[in-house]
There are 2 protein chains.
Amino acid sequence: MNERRKFRREGEERRRQDLIDATLGSVAEHGLEGASLRTIALRAGVTAGLIRHYFPGKEDLLQEAYAALMGRMTEQAKAALLMENASPRQRLAAFVTANLNAPIIDARVFSLWATFIGRAGADPSLARAHREGYLGFRNEVEAVVAEVLAAEQRRPDANELRRHAIAINAIIDGLWIEGCLAAEMFSPGELAAIGVKAIEAELGLAPERGKDK
Amino acid sequence: MNERRKFRREGEERRRQDLIDATLGSVAEHGLEGASLRTIALRAGVTAGLIRHYFPGKEDLLQEAYAALMGRMTEQAKAALLMENASPRQRLAAFVTANLNAPIIDARVFSLWATFIGRAGADPSLARAHREGYLGFRNEVEAVVAEVLAAEQRRPDANELRRHAIAINAIIDGLWIEGCLAAEMFSPGELAAIGVKAIEAELGLAPERGKDK
DNA sequence: GGCCTTATTGTGCAAGTGTATAAATAGCTT
DNA sequence: AAGCTATTTATACACTTGCACAATAAGGCC
């Protein structure tokens with residue numbers, strides 16, 4: 001009468017990925033507290049015991065899940081900077097726009113980010129993971145800003161550059177949060193437009209004229 | 001041999017406040033997952049059973065704790081706006097400065113904010129609490145911005161005002177996060193200086209000259 | 001000072017937790 | 001087709017959790 005459940009063997013990479021995705025899904029829906037091994041396993045279509053076969057403990061699973069989340073976020077964010085043959089200013093605008101639209105503006109991703117980063121104060125390994133991600137991001141910003149200003153024949157010193165990068169980073173982060181928490185309060189593209197304008201004001205760039213030449 | 005624990009009766013308001021503080025402390029240190037009724041009670045110097053006497057359930061306690069946190073944050077933030085006989089521009093600068101220094105820049109407060117808001121996506125009552133707090137804050141900003149621009153003889157329309165408020169709010173939020181997460185990366189007052197400058201650029205205000213007249 | 005209210009403690013309980021480990025079977029190798 | 005191995009299931013265990021409730025004593029009231 002008691003039939004043992006049928007199952008399929010999956011490749012190791014695939015299973016690990018599925019478990020990590022299931023973990024992120026659980027955390028996004030019910031928070032860290034609601035993400036039990038059984039919940040996660042159920043979501044991954046697997047029994048709880050299997051998790052122990054791929055991860056030494058729950059802590060490790062959570063940590064890998066957070067790393068995966070950060071990786072995806074920064075990867076998507078930086079992708080917008082790779083445009084070839086575009087002016088620095090256009091690339092900066094594209095970067096900002098990419099960061100202030102889907103899929104980066106996303107309630108689920110924000111929920112995950114907030115949940116994990118709330119523990120950064122207590123968990124040093126999470127704090128370090130964040131610090132690295134943040135500095136990498138800011139350095140990217142600083143590099144583009146340097147190019148933009150150079151194209152305008154301006155020679156900012158290191159300190160000025162740093163302050164611009166901090167401010168621009170803040171603008172993007174702040175608008176990102178507003179967008180994630182209350183997407184329906186903004187019309188499509190509105191946040192990106194506000195962001196680009198604010199950043200150009202910060203850099204003292206003349207307002208864009210219609211395409212000439 | 002088994003002596004029952006001695007205790008003191010406290011006023012109702014006092015006990016509720018203590019329990020709420022203990023809750024915030026627990027959540028800040030160990031996250032929502034680590035904030036059990038027993039942990040909270042221990043921190044408040046009380047037995048777990050007592051919590052049920054003041055709060056119908058854990059959910060209610062958490063909700064009241066979040067409301068208390070938000071209340072304190074916005075209260076402190078708005079206090080800076082109450083300066084009498086100061087120019088609008090000075091009041092705006094004071095507001096920004098107040099928001100980008102201790103006690104509002106604080107790792108513990110940030111941890112709490114992030115932990116709770118991470119659940120806003122799943123918990124509608126938390127989401128609403130946030131929405132109200134955010135809109136109240138932004139309206140304050142919008143009001144000051146209107147005064148500042150009026151003092152400069154400028155007549156922005158409602159939409160322009162709204163966009164300025166959104167951008168300024170983002171700048172403050174973004175710098176707040178940076179400061180909370182990595183306070184040691186910034187010299188004292190640096191974030192506030194960056195914030196004031198960025199906001200004045202956003203509003204198109206001429207850089208401040210030394211006091212004349 | 002004795003009494004009465006109720007704030008507070010202590011204990012119990014069912015459900016759920018992470019971890020450990022034994023038993024089974026899927027799918028490759030030969 | 002049989003056998004092996006390691007992926008997967010299933011069960012057990014000690015512990016914690018939120019909640020319920022009976023027992024107790026603190027402190028104001030007469």
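Worth knowing before you read on, the calculation uses all heavy atoms, side chains too, and leaves out hydrogens, waters and symmetry mates. So you know, we letter chains A, B, ... as the sequences are listed, proteins then strands, and number each from 1. Computed from a predicted model, the values in this text were never measured in an experiment.
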Item to check | Value in whole Å for how far the P atom of D:dT9 lies from CZ of A:Arg5 | outcome: 5 Å
Checklist entry - Would A:Ser26 and A:Thr23 count as having a side-chain donor-acceptor pair, cut-off 3.5 Å? => result no
Checklist entry - Less than 4.0 Å between a side-chain N and a carboxylate O, is that true for A:Glu202 and B:Lys197? => result no
Checklist entry - With a non-hydrogen cut-off below 4.0 angstrom, is B:Glu10 in contact with a base, only sugar-phosphate, or nothing? => result sugar-phosphate
Checklist entry - Between residues 62-69 of chain A and DNA chain C, which residues have a heavy-atom gap below 4.0 Å? => result none
Next on the checklist: Does D:dT8 have OP1 or OP2 under 4.0 Å away from a side-chain N or O of A:Tyr54?
Outcome noted: yes
Item to check | Distance below 4.0 Å between B:His53 side-chain N/O and C:dT8 OP1 or OP2 | outcome: no
Next on the checklist: Between A:Glu190 and B:Arg163, does any side-chain N to carboxylate O distance fall below 4.0 Å?
Outcome noted: no
Next on the checklist: Do the side chains of B:Arg89 and B:Glu200 get close enough for a salt bridge, i.e. N-O under 4.0 angstrom?
Outcome noted: yes
Next on the checklist: So if I define the base as every atom that isn't primed, P, OP1 or OP2, how would nucleotides 17-22 of chain D read as a B/S/- string at a heavy-atom cutoff under 4.0 Å?
Outcome noted: BBBS--
Next on the checklist: How close do B:Thr74 and B:Gly71 get, counting heavy atoms only, and between which atoms?
Outcome noted: OG1-O, 3.3 Å
Checklist entry - Is it true that A:Glu10 and A:Arg8 make a salt bridge, defined as a side-chain N closer than 4.0 Å to a carboxylate O? => result yes
Item to check | Note: A:Glu33-A:Arg119 ion pair, threshold 4.0 Å (strictly below) | outcome: no
Checklist outcome for this item: A:Leu42 atom CG is separated from C:dG18 atom P, nearest whole Å, by 14 Å
Next on the checklist: Output the rounded distance in Å from CG (A:Asp60) to C1' (C:dT19).
Outcome noted: 13 Å
Protein-nucleotides 27-30 of chain D N/O pairs under 3.5 Å:
residue	atom	partner	partner atom	Å
D:dG27	OP1	B:Arg9	N	3.4

Checklist entry - Any idea how B:Phe137 and B:Phe95 line up, ring-wise: parallel (<30°), tilted (30 to 60°), or perpendicular (>60°)? => result tilted
Next on the checklist: Nearest whole Å is fine: how far is D:dT16 P from B:His30 NE2?
Outcome noted: 14 Å
Checklist entry - Nearest-Å distance, CD (B:Glu13) to P (C:dA7)? => result 13 Å
Checklist entry - Do the rings of A:Phe116 and A:Tyr66 sit parallel, tilted or perpendicular, given the 30° and 60° boundaries? => result tilted
Checklist entry - Of the options A:Arg72, A:Arg14, A:Arg15, A:Arg43, which is the one that meets A:Asp21 in a salt bridge (charged side-chain N to carboxylate O under 4.0 Å, His left out)? => result A:Arg72
Checklist outcome for this item: Separation of C:dT17 atom P from A:Ile51 atom CD1, nearest Å, is 12 Å
Checklist outcome for this item: Rounded to whole Å, the CZ-P distance (A:Phe55 to D:dT8) equals 12 Å
Checklist entry - Is the Lys NZ or Arg CZ of A:Arg16 less than 6.0 Å from the centre of A:Phe55's six-membered ring, within 45° of the axis? => result yes
Checklist entry - Whole Å only: how far is the CD atom of B:Glu12 from the C1' atom of C:dT5? => result 15 Å
